[in-house]
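Okay, so here's the structure we're looking at.
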Amino acid sequence: MRITEEELRKLTLIAMKELGEKATPASVKKVVERAVDKLTPVSSNDLPKSDKASGRIILTSFGLDHPGIAARITQCLSDSGVDIRDMSQKTMEEFYTIIMIVDITNSPKDMKDIQADMNKVAEELRIKIYLQHEDLFQAMHRL
Amino acid sequence: MQYEFEEILETIKMTELEHFDIRTVTLGISLRDCVDRNLDVTKQLIYDKIIKYGRKHTQFAKEVESQFGVSIANRRVSVTPIAIPFDKFKAEEFIEIAKILDKAAEEIGIDYIAGYSALVQKGFTTGDLELIKSIPQALAQTKRVCSSVNIGSTKAGINMDAVMMMAKAIKETALLTKDQDSIGCAKLVVFCNAVEDNPFVAGAFHGVTEPEAVLNVGISGPGVVLDAIKEAGNVDLQQLSEVIKKVIFKITRAGELMARKVAEKHGIPFGIVDISLAPTPAEGDSIGDILKAMGLEDVGAPGTTAALAMLNDSVKKAGLMASTSVGGMSGAFIPVSEDQGMISAAEKGNLSLEKLEAMTSVCSVGLDMVAVPGDTTAEIIAGIIADESAIGLINDKTTAVRIIPAYGKGVGENVDYGGLLGLAPIMDVRKISGGVFIGRGGRIPAPTRSLTN
């Protein structure tokens, strides 16, 4: 039986809650065994599908650097409930490049809407913004 | 960060600057269940089925396109070779079928539908003969229908009666579409060893062993390869091959990913990735330019065949590694009119028809989009088809002829279709004929190569 990270976290939480200060190796074992029993065995249906689309998008922006670009982009993402997972910036003389990994899973908008919003921002600031699903980079750059 | 800065920028550079796009997502639809003794009912069945599967083809492709930021240049449909399910119809009825295919293609918003085809490598059925008879009119009376006829295979030999028939069909098509630079011929392909899962129009058809519906993809990307070669600088050929392989690997992976997504949206199986390098007339999106970047003064220079062989082989090696579903033609295309580097070589007289023929022996797919003088006789065209087919026959590979005897035009002029079909300078053809040889008829027997069991 496979235990996912998520399940491990749950187990730890249960053990912590039940034992509090008075943890002994024997009591931990007991609690863990009880908790594992509660977990149903993983059937093939529960296994993550390898081609399941995640909500992770790579946002790339570049152009002539001027103040407020990162602020404007992140503000727009925040308004749409998009989670920024990672962000990196480089500048070369007057040009900048920003790359972000964002997660739109919890956003009420879909990728198309967010792209449309970003196009507006790009036009307004006279920069380029591209949004591409992470799967593309996985396919092209990872074996 | 999970991805290197360079990896992400490289991807953006490919899609935005180097014309990397998916050349075509082609929806294959079986028409085997669309037969009725009444022609009108048959037409309705065909129409309904294409609409049923193809209705959202364009929409799905656009959705995937925006999801990944990689453009899908064309959306096409291929159908069962029309002569097979509709064998009992007569030529005029086949033309009606062509028209309904045209109408269905227009309705679902695609530019070409392919599969007005017959497979006659070993002989003709009555339907095959009627379909071939109908081809010139069918192509003249429709805009979107593409036709192909397979006249030879390594297993069967070359049907020389069919070769002659097709040469005459090409001449007649050129005449009937003379007002548009004989454009009908650009939609007509003569094959040896045709493949059943080719996603590239005009030669696509949905083979009889294919499923009910399937999605195949043709990738593109000469621009990406060209830039990688230029960047590599002065390296030896093994290193150059490595450079080509790395780029092809990446674009094949992207192509397969996107095709799978389109197929998923359709709810139909994904078929194959055709890893052919397919040029477009856009500047920099040219196989000819790749050959020049490899070190040739111009396409047609001695060394061209060797360079092309190496390019083609590198593409295949990388494509095979990148995808488990490689199929279709999977080689480099060298259509003259659709490739700026090839057009310029032909215009300067550096590329002759004979050199082009030699080049086709090491890549796919044959003499493609080649314009010749309008007064070229059917016998000479038949000879060209026979020669090209012989290359396919003996080397167990696909070869094709898509030749345009431009009505009323001669060497020094050109045919200009614009768009993807491009511009073809009219190339010189030797006037000596192999007519008597072709005229003997019958079949060139299958070669020893066919006895592989």
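Just so it is clear: chains get the letters A, B, ... in the order the sequence lines come, proteins before strands, and each one is counted from 1.
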For [X], is it the side chain, the backbone, both, or neither that has a heavy atom closer than 4.5 Å to a heavy atom of chain A?
X: B/Thr15; result: side chain
X: B/Glu63; result: neither
X: B/Phe5; result: both
X: B/Glu6; result: side chain

Note to self: Can you tell me how far apart OG1 (A/Thr97) and CD1 (B/Ile12) are? Round to the nearest 0.5 Å.
What the structure shows: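 Answer for the OG1-CD1 pair, A/Thr97 versus B/Ile12, is 10.0 Å.
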Verify the neighbour count for atom [atom1] of [X]: are there more than 12 heavy atoms of other residues, nucleotides or ligands below 6.0 Å?
X: A/Glu124; atom1: CD; value: yes
X: A/Glu94; atom1: CD; value: yes
X: B/Asp236; atom1: CG; value: yes

Check: If you count heavy-atom pairs under 4.5 Å with chain A, which of B/Glu16, B/Glu4, B/Glu256 comes out on top?
Finding: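 Counting heavy-atom pairs under 4.5 Å, the top option is B/Glu16.
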Checklist line | Most contacts with chain A, counted as non-hydrogen pairs under 4.5 angstrom, among B/Met14, B/Lys250, B/Met321 | finding: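 The residue among B/Met14, B/Lys250, B/Met321 with the greatest pair count is B/Lys250.
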Below 4.5 Å from any heavy atom of chain B, which atoms of [X] appear? Answer side chain, backbone, both or neither.
X: A/Leu143; result: both
X: A/Ile58; result: side chain
X: A/Thr60; result: side chain
X: A/Tyr130; result: side chain
X: A/Arg142; result: both
X: A/Lys128; result: neither

Check: Under 4.5 Å between any side-chain heavy atoms of B/Tyr3 and A/Asp86, yes or no?
Finding: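 No, side chains not in contact.
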Note to self: Counting C-beta onward and ignoring hydrogens, is there a side-chain heavy-atom pair between B/Ile8 and A/Gln132 closer than 4.5 Å?
What the structure shows: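 Not in contact.
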Margin query: Using a 3.5 Å distance criterion without hydrogens, assess whether the side chain of B/Arg253 forms a donor-acceptor pair with backbone atoms of A/Met140.
Written below: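 No, B/Arg253 side chain to A/Met140 backbone: no donor-acceptor pair under 3.5 Å.
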Next item on the list: Specify the closest pair of heavy atoms between B/Gln67 and A/Met111, including all atoms of both residues, with the distance to one decimal.
Entry: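 That closest heavy-atom pairing would be O-CE, 2.9 Å.
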Checklist line | Residue that, paired with B/Gln2, satisfies side chain to side chain contact (heavy atoms under 4.5 Å, CB included) out of A/Glu134, A/Arg85, A/His141 | finding: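 Testing each of A/Glu134, A/Arg85, A/His141 against B/Gln2, the sole residue satisfying side chain to side chain contact (heavy atoms under 4.5 Å, CB included) is A/Glu134.
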Check: Which class fits the ring pair B/Phe68 and A/His133: parallel under 30°, tilted 30 to 60°, perpendicular over 60°?
Finding: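 Perpendicular.
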